[in-house]
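Quick note on labels: first sequence line is chain A, next is B, and so on, each numbered from 1.
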Protein chains: 2
Amino acid sequence: MESRIERLCTASGLRMTHPRRVIARVLSEAPDHPDVQELYQRTRAVDPRISLATLYRTVHLFEQSGILERRNLGSRRARYEPSGEHDHFHLVDLDSDKVIEFDEPETEALMHRVAARYGFDLVSLRIELFGRRTRHNTESRKTPQGSSSTPNTGDQVR
Amino acid sequence: MESRIERLCTASGLRMTHPRRVIARVLSEAPDHPDVQELYQRTRAVDPRISLATLYRTVHLFEQSGILERRNLGSRRARYEPSGEHDHFHLVDLDSDKVIEFDEPETEALMHRVAARYGFDLVSLRIELFGRRTRHNTESRKTPQGSSSTPNTGDQVR
DNA sequence: TTAGGTGCAAAGAATTTGCCTTTCA
DNA sequence: TGAAAGGCAAATTCTTTGCACCTAA
């Protein structure tokens, strides 16, 4: 069955090879912001013949076709996510590397005005917050508290 | 004569060697957001015996001492700037890589509230705008228009 | 005098590329 | 079938590190 990203690929007129289909599927199923190594593990799990070079090439291709977006989010490696239906920003948990996405349409509009003030047309903007879960007096909390025990590459919250 | 950054170094109790003094001076005089290669050229111009390894080590040291801040600003290489007297954000001219700094204290406060909403204490935040100079009907403009002809590493506007 | 810093060259990590083989349309 | 894509390994780019020699305090 065709994955969401695979549909975007064919819509963009990309030649759909086997590796691209696998990568598209892995990306479609990713709930997080994986880096290339992480994607490599996941594609290998599906088909170990797919090489790292192909992964890099494909991810670039998808990026240039506007299907994927590259993020840095504080780490050295680039991380990827499907291009937004809507714009959003990122809040990174420094203890677990998990990423929470959030909207701020007003802020976005404001940033367009800031750019305009300096004589610029805004092409893109990044807002990245880095923080740690509040350790408060009591145990009460607003957001469900993830088991922030394993500081690793992936993230889940969305 | 002692540079501003050199004073910060001694204030932090760092051992002031010759290479560190030169690097501190180069950083003090930088009006832009240079990357390590750029800093290397500038220190070599002062004293060609200073090695790239020392530059990396020094820049790390300064960063950990809170004297410098590392930025990415869209490029692969890390770029550095003296730690802020005040917080600010960056607007990058995509055609020239020049960087304009701007304040948005209200936005910053808002981002603290956003983080709090998710149960986080905000440690740091980045707001980076990427844009191009507005090409308008007439020639009138608000900001002085830099000769955005040479797309290179450095930037100047502040 | 000696702990800490430096230079040099080699090692690492992340990513890109050359080249020959394979595959999709 | 032919142009585009993939695999593999080597090359690049940016950054870090081991080690023997130097230098600031």
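Between B/E101 and B/R71, none of the side-chain N atoms (NZ, or NE/NH1/NH2) sits under 4.0 Å from a carboxylate O, so this pair counts as no salt bridge. Salt-bridge check for A/D97 with A/R77: failed, with every basic side-chain N at 4.0 Å or more from each acidic carboxylate O.
Within the 3.5 Å criterion, the main-chain N or O of A/P105 finds no donor-acceptor partner in the side chain of A/D103. Here the side chain of A/R126 pairs no donor or acceptor atom with the backbone of B/R126 at under 3.5 angstrom.
The local environment of CZ in A/R7 is crowded, with over 12 non-hydrogen atoms from other residues, nucleotides or ligands closer than 6.0 Å. For B/R20, the CZ atom counts as densely surrounded, since its 6.0 Å shell holds more than 12 non-hydrogen atoms of other residues, nucleotides or ligands.
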Name the pairs: protein N/O against N/O of nucleotides 21-23 of chain D, kept only if under 3.5 Å.
from: D/dT23; atom 1: O2; to: B/R15; atom 2: NH2; distance (Å): 2.8

Please tabulate, one pair per line, each protein N/O and nucleotide N/O from nucleotides 7-9 of chain D that are separated by under 3.5 Å, including the distance.
from: D/dG7; atom 1: OP1; to: A/R49; atom 2: O; distance (Å): 2.6
from: D/dG7; atom 1: OP2; to: A/S51; atom 2: N; distance (Å): 3.0
from: D/dG7; atom 1: OP2; to: A/S51; atom 2: OG; distance (Å): 3.0
from: D/dG7; atom 1: OP2; to: A/T54; atom 2: OG1; distance (Å): 2.3
from: D/dG7; atom 1: N7; to: A/R57; atom 2: NH2; distance (Å): 3.0
from: D/dG7; atom 1: O6; to: A/R57; atom 2: NH2; distance (Å): 3.2
from: D/dC8; atom 1: N4; to: A/R57; atom 2: NH2; distance (Å): 3.4

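A search for side chain to side chain contact (heavy atoms under 4.5 Å, CB included) contacts involving A/R21 returns A/E6, A/M16, not counting sequence neighbours. With sequence neighbours excluded, the residues that form a side chain to side chain contact (heavy atoms under 4.5 Å, CB included) with B/Y56 are B/V36, B/L52.
The distance from atom NE2 of A/H18 to atom C1' of D/dG6 is 11 Å, rounded to the nearest whole Å. Here the C1' atom of nucleotide D/dA5 and the CZ atom of A/F62 are 12 Å apart, to the nearest Å. We find that CE of A/M16 is positioned 14 Å from C1' of D/dG6, with the value rounded to whole Å. Taking atom CG of residue A/L14 and atom P of nucleotide D/dG6, one finds them 11 Å apart after rounding to whole Å. The CD1-C1' distance, from A/I23 to D/dA5, rounds to 11 Å in whole Å. Atom CZ of A/R76 is separated from atom C1' of D/dT13 by 11 Å (rounded to the nearest Å).
Contact annotation: B/Y56 reaches the phosphate of D/dT15 (side-chain N/O to OP1 or OP2, under 4.0 Å).
Under the side chain to side chain donor-acceptor pair (under 3.5 Å) rule, A/H33 has a single partner from A/R79, A/E81, A/E69, A/K98, which is A/E81.
Over its length, the helix from C/dT1-D/dA25 to C/dA25-D/dT1 turns its helix axis by 40°, as judged from the five terminal pairs at each end, rounded to 10°.
Nucleotides of DNA chain C with any atom under 4.0 Å from a heavy atom of chain A span, from 5' to 3', C/dA14 to C/dA25.
Note: A/L39 CG to A/I23 CD1 = 8.0 Å, rounded to the nearest 0.5 Å. The CG atom of A/L110 sits 4.5 Å away from the OG1 atom of B/T107 when rounded to the nearest 0.5 Å.
Below 30°, between 30° and 60°, or above 60°: for B/Y118 and A/F102 the angle between ring planes is between 30° and 60°, a tilted geometry.
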